[in-house]
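The structure appears below as structure tokens.
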Amino acid sequence: MTASHEVTIRTDHDDAEVVAAALTPDNTAEMSTRVEGSSIVTTIERDSTGGLRTTADDYVTNLTVAQTITDTTTQS
């Protein structure tokens, strides 16, 4: 697929590997997620601006949930 729109989202986490592992099952074919040190880097490519916006919004929502759950389950 040749996409005409792309965004890269980089966020820092104390537990980046765990949060990324929670995110990747929800990735679509237009998304790639990797861990670089304490950062999660996700690139999204879509054919339309609207599709890019919707996918990015869904990803950020999933990221927020994954981080919240990780924070809750790792607290002592």
Side-chain angles (χ1 to χ4, degrees):
M1 177 178 109
T2 303
S4 57
H5 300 83
E6 179 180 302
V7 66
T8 299
I9 301 169
R10 176 183 297 267
T11 54
D12 293 321
H13 305 268
D14 291 335
D15 46 8
E17 291 283 345
V18 173
V19 176
L23 289 170
T24 54
D26 290 326
N27 281 3
T28 65
E30 298 89 2
M31 301 171 70
S32 66
T33 298
R34 65 188 183 281
V35 175
E36 296 179 357
S38 64
S39 296
I40 298 173
V41 182
T42 298
T43 301
I44 304 167
E45 298 178 8
R46 294 297 302 264
D47 288 333
S48 70
T49 302
L52 181 64
R53 182 185 65 203
T54 299
T55 303
D57 183 56
D58 289 347
Y59 171 79
V60 170
T61 298
N62 291 343
L63 175 65
T64 302
V65 170
Q67 183 63 65
T68 300
I69 290 170
T70 301
D71 287 348
T72 301
T73 58
T74 58
Q75 290 179 355
S76 299

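Every heavy atom of this structure was used, including side-chain atoms; hydrogens, water molecules and symmetry mates were not.
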Task: Check: Leu63 and Thr11 side chains under 4.5 Å, non-hydrogen atoms - done: yes
Open item on the list: Would you say that Thr43 contacts Glu6 through its side chain, given a criterion of any heavy-atom pair below 4.5 Å between the two side chains?
Closed with: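 Of all side-chain heavy-atom pairs linking Glu6 with Thr43, at least one is under 4.5 Å.
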Task: Closest contact, heavy atoms only, Leu52 versus Ile44 - done: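 Leu52 and Ile44 have their closest heavy atoms at CD1-O, 3.6 Å.
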- [ ] Write down the atom of His5, the atom of Asp47, and the distance for their closest heavy-atom approach.
- [x] ND1-O, 3.2 Å
- [ ] Give the cluster check for Met31 versus Val60: same hydrophobic cluster or not, with ILVMFWY residues linked at side-chain heavy-atom distances below 4.5 Å.
- [x] yes
Task: Path from Val41 to Val7 over hydrophobic side-chain contacts below 4.5 Å - done: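 No, because Val41 and Val7 fall into different hydrophobic clusters, even though each may have its own neighbours under 4.5 Å.
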Open item on the list: What's the separation between atom CD in Glu45 and atom OG in Ser32, rounded to the nearest 0.5 Å?
Closed with: 7.0 Å
- [ ] Could you grab the distance from atom OH of Tyr59 to atom OG1 of Thr42, nearest 0.5 Å is fine?
- [x] 3.0 Å
TODO: Tell me, yes or no, whether the heavy-atom count around Asp14 atom CG, taken from other residues, nucleotides or ligands under 6.0 Å, exceeds 12.
DONE: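 Atom CG in Asp14 is not packed in, count stays at 12 or less.
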Open item on the list: For Arg53, give me all partners under side-chain contact (heavy atoms from CB on, under 4.5 Å), at least two apart in sequence or on another chain.
Closed with: none
Task: side-chain contact (heavy atoms from CB on, under 4.5 Å) partners of Ser38, counting only residues at least two apart - done: Asp12
TODO: Give a yes or no on whether a salt bridge exists between Glu36 and Arg10, defined as a side-chain N under 4.0 angstrom from a carboxylate O.
DONE: yes
- [ ] List the steps and the verdict of side-chain contact (heavy atoms from CB on, under 4.5 Å) for Thr55 and Glu30.
- [x] CA-CA 9 Å; Thr55 303; Glu30 298 89 2; 6.0 Å; no
Going by atom type alone, with no hydrogens or angles, which donor-acceptor pairs under 3.5 Å involve a side-chain atom of residues 17-27 and a protein atom two or more places apart or on another chain?
from	atom 1	to	atom 2	distance (Å)
Thr24	OG1	Ala20	O	3.4
Asn27	ND2	Thr33	OG1	2.9

